[in-house]
There are 2 protein chains.
Amino acid sequence: MATINDVAARARVSTATVSRALNGKSTVDPALAARVQEAAAELGYQPNGLARNLRRQETAVLALVISDVENPFFTAIARGVEDVAQNAGYSVVLCNSDEQLAKERRYLEIALQERVAGVILSPVGPSTNVDTLTGRGTPVVAVDRPLTEPSSDQVLVASRPAAQEATAHLLAAGYLRVGCLTGPAGVRTADDRLDGYLDGLRAAGVAPEAALVRRAEYRAGCADAAAAELLDLESPPDALLLANSPIAVAVLQALAARGLRAGRDIGIVAFDEVPWATLIDPQLSVVAQPAYEIGRVAAELLLARIGDHTRQPTATMLAARLIPRGSSRRSLGES
Amino acid sequence: MATINDVAARARVSTATVSRALNGKSTVDPALAARVQEAAAELGYQPNGLARNLRRQETAVLALVISDVENPFFTAIARGVEDVAQNAGYSVVLCNSDEQLAKERRYLEIALQERVAGVILSPVGPSTNVDTLTGRGTPVVAVDRPLTEPSSDQVLVASRPAAQEATAHLLAAGYLRVGCLTGPAGVRTADDRLDGYLDGLRAAGVAPEAALVRRAEYRAGCADAAAAELLDLESPPDALLLANSPIAVAVLQALAARGLRAGRDIGIVAFDEVPWATLIDPQLSVVAQPAYEIGRVAAELLLARIGDHTRQPTATMLAARLIPRGSSRRSLGES
DNA sequence: ATGAAAGCGCTAACAC
DNA sequence: GTGTTAGCGCTTTCAT
């Protein structure tokens with residue numbers, strides 16, 4: 001594999017000149033520059049990024065560590081990050097922690113070892129630790145979920161009021177026994193959505209029933225059991241607030257298996273807008289989170305931080321939007 | 001940031017010993033090893049992966065370049081890749097080419113410059129070129145779509161017979177005017193599915209009608225216009241074969257907007273199993289591709305190739321499976 | 001404007 | 001078993 005030395009030899013110049021010519025840094029005699037370009041082309045020279053980065057002590061790549069590649073919410077964030085990064089000349093590598101602390105830790109370690117310019121991550125849980133990163137001067141932005149030690153920028157969504165609003169909406173629609181199926185304890189969004197749900201009950205003067213609350217993993221295929229438990233209760237809920245879309249899939253499947261119809265038999269509101277929300281009958285009422293926007297803002301924050309390591313950490317709180325559809329309407333009208 | 005020199009100084013040994021102790025390569029005196037460990041811990045030493053890779057001339061990371069992060073088919077592939085990579089001690093970085101040649105080229109260049117151990121990619125199109133990679137000895141495995149110069153391993157799905165079977169299925173169900181909405185010309189899966197569709201018509205002695213065939217981009221939100229054209233035809237199709245799930249979303253939305261019901265009014269079979277296939281009414285008939293398996297096999301092939309660069313390129317062809325559901329049934333029965 | 005040379009942090013011969 | 005040392009390929013002073 002051709003190196004800068006080969007190019008220099010072939011162009012009969014020094015390696016310094018090759019470097020300058022190829023990077024367009026300092027000004028180089030046009031004739032020499034041309035010779036260099038030609039030699040590089042003939043040799044099919046590809047600069048060794050490793051060597052360059054080692055020398056420069058910096059990399060133009062951002063790491064994005066998300067907790068579930070299969071969740072559309074996170075892939076939408078990825079798109080937001082990527083668009084901003086590309087514009088600024090950065091590449092982004094996506095790492096899937098799969099909601100597993102060990103994988104997450106491993107990817108963060110790699111990010112550190114590979115000296116990426118910055119990291120955006122949705123922390124798997126409360127014990128996620130980024131001190132090694134920040135300690136070494138690698139800027140970190142947390143998305144979706146906060147870091148326990150907030151020395152980093154954060155871009156979150158106000159889940160709790162959104163969950164409260166969704167609960168109030170279900171109550172207002174006439175449902176009496178509203179339940180909640182949320183994510184694992186310790187995961188902030190899961191706890192917030194549960195708290196918001198309780199807020200909603202309280203505001204309406206409804207006494208919460210522990211039996212109507214369940215937790216499940218956030219990933220696909222993990223909420224089946226919890227969904228079944230809830231629906232098969234002696235006195236089951238007549239409405240449900242669901243904390244994300246994989247959970248919604250599980251519940252909707254359980255509903256179908258029991259011949260239950262959303263809206264009429266059981267009111268449903270789920271977090272996260274999905275492409276199929278309007279394809280099901282009745283249509284799925286959702287709390288839409290600005291996923292792409294989260295990614296966009298996070299990337300901007302990260303780049304700003306990379307440019308100025310002295311910036312104070314900021315916390316951005318984005319709003320979620322309730323989109324009421326048929327699944328939270330008791331009447332039989334069209335979706 | 002602490003370097004190996006700092007650790008060596010603190011442990012009062014040479015850098016070579018530190019390297020040996022930390023990498024567990026050659027055997028080191030337990031006492032010294034302990035001193036090294038301690039010094040490293042105290043300093044919060046994190047090896048510089050850049051320097052290590054530069055020296056070793058290799059990296060334990062695989063690049064996975066997929067053409068659309070938002071398509072569940074590709075994220076399922078990613079999971080397959082990741083599971084086997086992790087087991088083998090490799091990490092995988094995911095890059096999203098977004099069906100854009102320029103982005104893809106850029107990511108491949110980065111993969112080359114960063115000297116990743118190998119690359120798995122779903123080529124954006126026929127002009128995707130990996131010669132620079134293979135020329136430099138970086139193994140490449142193509143997934144989902146073939147490379148035009150097949151000097152690399154390939155893991156594909158037999159789309160054409162699957163599309164033929166799906167078409168035959170629609171015809172057998174009693175639909176008379178079966179149309180097809182496929183992906184961009186030049187994208188092999190799109191062309192194959194179209195060809196398979198034509199095979200299906202031919203086998204049944206049905207004359208193809210150009211008016212019933214449309215192409216659209218594979219990404220979400222791109223097939224709306226094509227779907228509308230098809231449905232608003234003077235004599236519209238009474239059944240449709242759809243080449244992927246984002247296209248299916250577009251068509252199902254167009255159906256809903258026109259008050260048309262899948263199955264009864266228009267038979268639908270779409271490529272790619274999705275979590276919501278059984279949530280819609282009628283349920284969506286699909287051609288299920290073994291996405292996770294594709295990723296698994298591709299990663300295994302890549303690792304084998306990394307271990308032995310002299311291996312001959314192989315071509316693996318996986319089968320797809322038709323799952324008939326309500327959307328391809330004319331009767332009014334349950335889903 | 002160009003070249004010589006140092007050195008980024010690490011590993012792997014090679015000596016001892 | 002341990003230390004010395006020579007690079008990996010590049011960028012960047014520092015001279016010229």
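In what follows, every chain begins at residue 1, and chains take the letters A, B, ... in the order their sequences are listed. Only a predicted model underlies this, so the values are computations on that prediction, with no experimental measurement involved.
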Checklist entry - Taking 5' to 3' order, which nucleotide of DNA chain C is first and which is last to have an atom within less than 4.0 Å of a heavy atom in chain A? => result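 Extent of the interface on DNA chain C: C/dA1 to C/dG9.
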
Item to check | Protein-to-nucleotide contact annotation, 5' to 3' order, nucleotides 9-16 of chain D [B base; S sugar-phosphate only; - none; under 4.0 Å, heavy atom] | outcome: BBBB----

Checklist entry - Has B/Arg35 got more than 12 heavy atoms of other residues, nucleotides or ligands less than 6.0 Å from its CZ? => result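 Counting other residues, nucleotides and ligands, CZ of B/Arg35 exceeds 12 neighbours.
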
Are [X] and [Y] within salt-bridge range, i.e. N to O under 4.0 Å?
X: B/Glu58; Y: B/Arg115; answer: no
X: B/Asp83; Y: B/Arg296; answer: no
X: A/Glu99; Y: A/Arg145; answer: yes
X: A/Asp98; Y: B/Arg79; answer: yes

Item to check | Given B/Val116, B/Leu121, B/Ile120, B/Leu302, the one that forms side-chain contact (heavy atoms from CB on, under 4.5 Å) with B/Leu64 | outcome: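 The option that passes is B/Ile120.
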
Quiz: residues 124-131 of chain B side-chain donor-acceptor pairs under 3.5 angstrom, not counting sequence neighbours:
residue, atom, partner, partner atom, Å
B/Thr128, OG1, B/Glu104, OE1, 2.6
B/Thr128, OG1, B/Val124, N, 3.4
B/Thr128, OG1, B/Gly125, N, 3.3
B/Thr128, OG1, B/Gly125, O, 3.1
B/Asn129, OD1, B/Asp131, N, 2.7

